[in-house]
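Right, one structure below, let's go through it.
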Amino acid sequence: MSEGGHQTAPMQTELLLDYQTILANQARPIHFALRFTADSVAAAARRPAAFCIVLDRSGSMEGDPLKHALAATRTAIKNLRKQDHFALVMFDDAAQVVLPLQPAKSKAGWKDRVNAIRSGGSTNLTAGWMLGRDELAKAPPGCARRLLLLTDGQLNVGLTDPVQVRGIVASGLEQQGIRTACLGFGDNYEEVLLGELAKVANGEFHDADSPENLPAIFAHELDGLQALAVQNLRVRLQRLDFCERIFGLNDYPFVTLPDGRTEVAIGDLVSEEERVAVFA
């Protein structure tokens, strides 16, 4: 086994096996995991912030729009700093809290919660925004409060009058200091509505349907991205005599090299990020 890629800071690697030894001539599946932990890399200091993503999972978001919105959510989570707080709210006909507002010191399992989200019914955008507002109200004193609304803006359930919706979002800025940024997804998102909601809340409107736009969007919304600690991490595996086959149990891409080894692309790690790759 070897590791490849460009490393910009030290990284810790830990190998975990379910069996240390196996009796000769006894076939047995083996599971092993590689845990990579990037060391801390100094990033530009900024004021602690509380972020809430309000995610539209309605039927009109099914397919690529929801896929891209989930990717955006994972990008935001990856770039949170330990001093930040984070909450995740999703909505279709109704709104619900997926992750209540909490410190971003330990993000283990958050991406799994994001990946489990599926498309649902209609679009009660106002209920989603209000529930996100309520989560941000729990932020510690001194934290900037930012709500990131990820949607196509198709209002069709609950409070659907754009004028009233704008008034509610504007009051969030006036009364709770919540700045709302709107990220539009899909080919037919309501650009006028989303632009107006962002404007009354001192936020920005972003065309976010193209994944390549996400780094620039979050560099702006998160006041910078986390410092990159490890770049293009790859793991190379070689089967020895008694190993029949290797299976990857994550969704990391596999490539067979010309010499027969298997290369697994783990990707980039930001400061203090942890990745686990599991194999059988």
* Please tell me if the side chains of Phe185 and Leu183 come closer than 4.5 Å, counting only heavy atoms from C-beta onward. => yes

* Exercise: identify the closest heavy-atom pair between Asp152 and Ser60 -> OD2-OG, 2.6 Å

* For the residue pair Cys52 and Gly132, what are the closest heavy atoms and their distance? -> SG-CA, 3.6 Å

* Asked: Has the side chain of Asp84 got a donor or acceptor atom that lies under 3.5 Å from a matching backbone atom of Arg81?
  -> yes

* To do: State, to 0.1 Å, how close Val169 and Trp129 come at their nearest heavy-atom pair, and which atoms those are.
  => CA-CZ2, 3.7 Å

* **Backbone of Gln154 reached by a side-chain donor or acceptor of Thr123 within 3.5 Å** => yes

* Cluster question for you: counting only ILVMFWY and a side-chain heavy-atom cut-off of under 4.5 Å, with indirect links fine, are Leu193 and Ile168 together? -> yes

* Plane angle bin for Phe279 and Phe32 - parallel if under 30°, tilted between 30 and 60°, otherwise perpendicular -> parallel

* Asked: Within the distance-only criterion (no hydrogens, no angle test), does the side chain of Ser210 pair as donor or acceptor with the backbone N or O of Glu212 below 3.5 angstrom?
  -> no

* Structure fact -> When every non-hydrogen atom of Lys107 is compared with those of Lys78, the smallest separation belongs to NZ-O, 3.2 Å

* Between Asn250 and Arg275, do the side chains contain an N or O donor and an N or O acceptor separated by less than 3.5 Å? -> no

* Pick from Met11, Gln12, Glu14: which one makes a side chain to side chain contact (heavy atoms under 4.5 Å, CB included) with Phe36? -> Met11

* Asked: Do Phe205 and Tyr189 make the cut of ring centroids closer than 6.0 angstrom?
  -> yes

* Asked: Below 4.5 Å, heavy atoms only, C-beta onward: do Val235 and Glu263 meet side chain to side chain?
  -> no

* To do: Mind checking the CG-SG spacing from Leu197 to Cys182? Nearest 0.5 Å is all I need.
  => 5.0 Å

* Answer yes if Leu222 and Ile53 sit in the same cluster of Ile, Leu, Val, Met, Phe, Trp and Tyr residues linked by side chain heavy atoms under 4.5 Å apart, and no otherwise. => yes

* So do the side chains of Leu88 and Ile117 get within less than 4.5 Å of each other, counting heavy atoms only? -> yes

* Compute both the distance and the angle, then confirm whether Arg28 meets the cation-pi test with Tyr19: under 6.0 Å from the six-membered ring centre, within 45 degrees of the axis. => yes

* **Under 3.5 Å: donor-acceptor pair, side chain of Arg133, backbone of Ile178** => no

* **Flag side-chain contact, heavy atom, 4.5 Å: Val114 against Ile77** => yes

* Donor-acceptor side-chain pairing of Ser58 and Asp92 below 3.5 angstrom -> no

* Cationic N near anionic O, under 4.0 Å, Glu135 to Arg145 -> no

* Asked: Any idea which heavy atoms bring Ala72 and Leu150 closest together, and the distance?
  -> CB-CD2, 4.0 Å

* To do: State whether the side chain of Gln164 and the backbone N or O of Pro162 hold a donor-acceptor pair below 3.5 Å, judged by distance alone.
  => no

* Indicate yes or no: at least one non-hydrogen side-chain atom of Leu80 is less than 4.5 angstrom from one of Phe51. => yes

* Asked: Between the side chain of Arg261 and the main-chain N/O of Gln238, is any donor-acceptor distance below 3.5 Å?
  -> no

* Output the distance between atom CZ (Phe218) and atom CG (Leu148), rounded to the nearest 0.5 Å. => 6.0 Å

* Asked: Has the side chain of Thr160 got a donor or acceptor atom that lies under 3.5 Å from a matching backbone atom of Val157?
  -> no

* **Backbone N/O of Thr13 and side chain of Arg35: donor-acceptor pair under 3.5 Å** => no

* Any chance you could measure Asn156, atom CG, to Asn124, atom CG, to the nearest 0.5 Å? => 8.5 Å

* Asked: Between Arg113 and Val98, is there a donor-acceptor pair closer than 3.5 Å when you use the side chain of the first and the backbone of the second?
  -> yes

